[in-house]
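Okay, structure first, notes after.
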Amino acid sequence: MQRLATATLPALSPTVTPIAYNRDALRTGIVHLGPGAFHRAHQALYTDQAMAHSGGHWGIVGASLRSTTVAAQLNPQDGLYTLRSEAAGGRQLRLVGALQQVLTLSREREQLNTLLAAPATRVVTLTVTEKGYCLGADGWSLDVAHPDIQHDLAHPAQAQSAIGVLAHGLHLRLQQGAAPLTVISCDNLSENSARLAAALRDYLQRSYPECLPWLAEAVRFPCSMVDRIVPALSAEALDEQARLIGLRDEAAVVTEGFSQWIIEDTFAAAVPDWAGAGALLVQDIRPYESLKLGLLNASHSAIAYIGLLLDKETVADVVTDVAGDAPLRSYLERLMAEALIPALTTPEGFDVQAYAAALLQRFANPGLRHRCAQIAMDGTEKIRQRWLPALAAPANNHDLLLRALAAWCAVILHSDLSIDDPRQAQLLAIRASDEDDIERLTRLLATLGIDATATPAWQQRLGTLHRHCQAIHNGKLREVLAA
Ligand code: CS2
């Protein structure tokens with residue numbers, strides 16, 4: 001079968017919605033760091049729709065900081081890919097043209113630098129995952145002990161981290177005309193772009209301090225809340241996509257029908273008409289972030305660790321099992337209702353109960369094969385964002401959340417499941433240690449930034465966590481959730 005590309009478009013199935021603007025004349029306006037599946041199903045699509053709606057030269061050049069995989073998927077296809085959304089109301093297929101090219105840092109650093117400095121580039125967006133921001137223990141400052149940051153500070157022109165690459169690009173931009181720039185983080189961190197700006201300032205202070213006054217004046221960092229479930233694609237799903245569209249598409253994405261993008265309305269210069277494409281521009285992003293991270297992502301992570309322990313492959317497998325499994329269903333419902341929702345600051349007039357009910361349906365979407373192992377990744381980063389705020393809130397049921405935390409602890413301490421986490425070495429050492437369980441739990445909590453011995457609330461919780469963890473170890477996970 002032929003590969004999707006500009007030249008093979010005549011063979012594309014007519015069931016695929018085509019591009020609705022002149023792609024041949026498109027110029028680059030955006031650089032995106034981390035052009036993985038999530039970016040392709042979200043910001044690239046909003047940008048594509050914004051150009052169809054209101055025009056503009058907002059072609060995106062993606063940059064992969066480490067791997068060459070995405071470049072190999074997209075460049076032979078002239079940046080083209082197809083998106084399939086699977087919803088109860090039906091399936092939709094569309095061709096997306098906003099991504100023009102993917103650069104790989106190791107091969108095309110100069111081209112990336114040129115684009116970061118170019119006045120025509122007015123926006124930089126990022127999806128580099130939580131760990132990609134190299135934040136210190138307080139979640140706001142730069143982790144200067146991070147090996148990537150140490151490397152980058154020693155060799156700023158050869159930076160490898162997102163922060164270092166961006167800082168060097170900003171330094172060149174200042175030298176080459178100082179055009180204003182909007183930088184938007186699209187990762188699952190509360191106040192994401194503000195944290196990015198803080199880390200970047202720390203870094204610039206050490207490498208290019210002359211950039212700081214210009215940064216304060218001409219570079220804006222609107223926070224953004226992004227929401228769309230986009231599982232990593234399997235080989236079978238790619239084969240199915242080929243059958244559906246009539247061409248081989250190595251960069252296809254499969255996602256749900258639901259999609260939301262909330263962006264703080266503060267830009268340094270022009271941006272695409274994302275609002276025309278359905279994004280919501282707001283003054284205060286925090287209630288939206290609190291809702292998304294504190295409810296969707298928080299319950300997602302709970303499902304992931306419980307799913308791993310129950311040997312379920314996907315979120316839908318867990319949630320579908322829930323339908324016939326009263327203790328599990330009532331645990332998830334209670335987790336949301338009693339532990340998570342009371343800890344949220346929701347947008348005014350928002351129907352949070354309806355959102356929670358819709359979430360369980362989104363998780364059960366049979367068209368998505370979202371693996372528990374994918375969501376379980378990077379737990380030490382995600383749990384900080386997703387569970388710790390609710391565990392610090394005053395008037396909610398903490399014990400329900402401690403049971404989810406016990407599931408994570410049990411995965412680390414009492415299973416041989418693989419651990420994919422930026423603190424993997426520490427976690428494996430704790431797993432292998434022959435200290436008693438309270439000691440090991442204390443060390444585990446420390447990987448989340450919790451000093452359990454010095455915090456009275458956590459001293460008490462340690463006992464509860466230990467009890468739940470032991471019960472899970474003894475095969476009583478369902479009983480723990482039902483208790
Ligand atoms: C998930 C998120 O992988 C994960 O950790 O919880 O990617 C989730 O699917 C998205 O945030 C949904 O918007």
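No hydrogens, no waters, no symmetry mates; every other heavy atom, side chains included, goes into these values. Each ligand, and each atom within it, is numbered from 1 in the order the structure gives.
Contacts between R386 and ligand 1 below 4.0 angstrom, taking non-hydrogen atoms only, involve the side chain exclusively. Contacts between V230 and ligand 1, counted as non-hydrogen atom pairs separated by less than 4.0 Å, are absent for every part of the residue. For R228, every heavy-atom contact with ligand 1 shorter than 4.0 Å involves the backbone, none the side chain.
In summary, E191 and R195 do not engage in a salt bridge, as defined by a charged side-chain N under 4.0 Å from a carboxylate O. Salt bridge status for R84 with E240: present, with a side-chain N to carboxylate O gap under 4.0 Å. By the 4.0 Å N-to-carboxylate-O rule, R371 lies close enough to E313 to be salt-bridged with it.
Distances shorter than 4.0 angstrom do not occur between any heavy atom of Q260 and any atom of ligand 1. The shell of residues lying under 4.0 angstrom from ligand 1, judged by heavy atoms, includes H370.
Counting the atoms of ligand 1 from 1 in the order shown, those under 4.0 Å from a heavy atom of K382 are 3 (O), 4 (C), 5 (O). For ligand 1, the atoms closer than 4.0 angstrom to any heavy atom of N188 are 2 (C), 11 (O). Close approach of ligand 1 to H300 is summarised as follows: ligand atoms under 4.0 Å from at least one heavy atom of the residue are 1 (C), 6 (O), 8 (C), 9 (O).
For ligand 1, the polar-atom distance check against R362 finds no nitrogen or oxygen pair separated by under 3.5 Å.
When the heavy atoms of L293, V315, D378, N297 are ranked by distance to atom 2 (C) of ligand 1, first place goes to N297.
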**Report entry** Step-by-step side-chain contact (heavy atoms from CB on, under 4.5 Å) determination, L65 to V165
**Finding:** CA-CA 9 Å; L65 302 184; V165 166; 4.3 Å; yes
Report task. Could you walk me through whether Y203 and S161 pass side-chain hydrogen bond (donor to acceptor under 3.5 Å, both in side chains), step by step? Result -> CA-CA 11 Å; Y203 185 97; S161 70; 5.8 Å; no
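With sequence neighbours left out, S299 forms a side chain to side chain donor-acceptor pair (under 3.5 Å) with no residue at all.
Of the protein's heavy atoms, D227 OD1, 2.7 Å lies nearest to atom 13 (O) of ligand 1.
Both tests hold for R362 against F258: distance to the six-membered ring centre under 6.0 Å, angle to the ring axis within 45°.
Using modelled atom types and a 3.5 Å distance limit, the side chains of Y288 and T346 yield no donor-acceptor pair.
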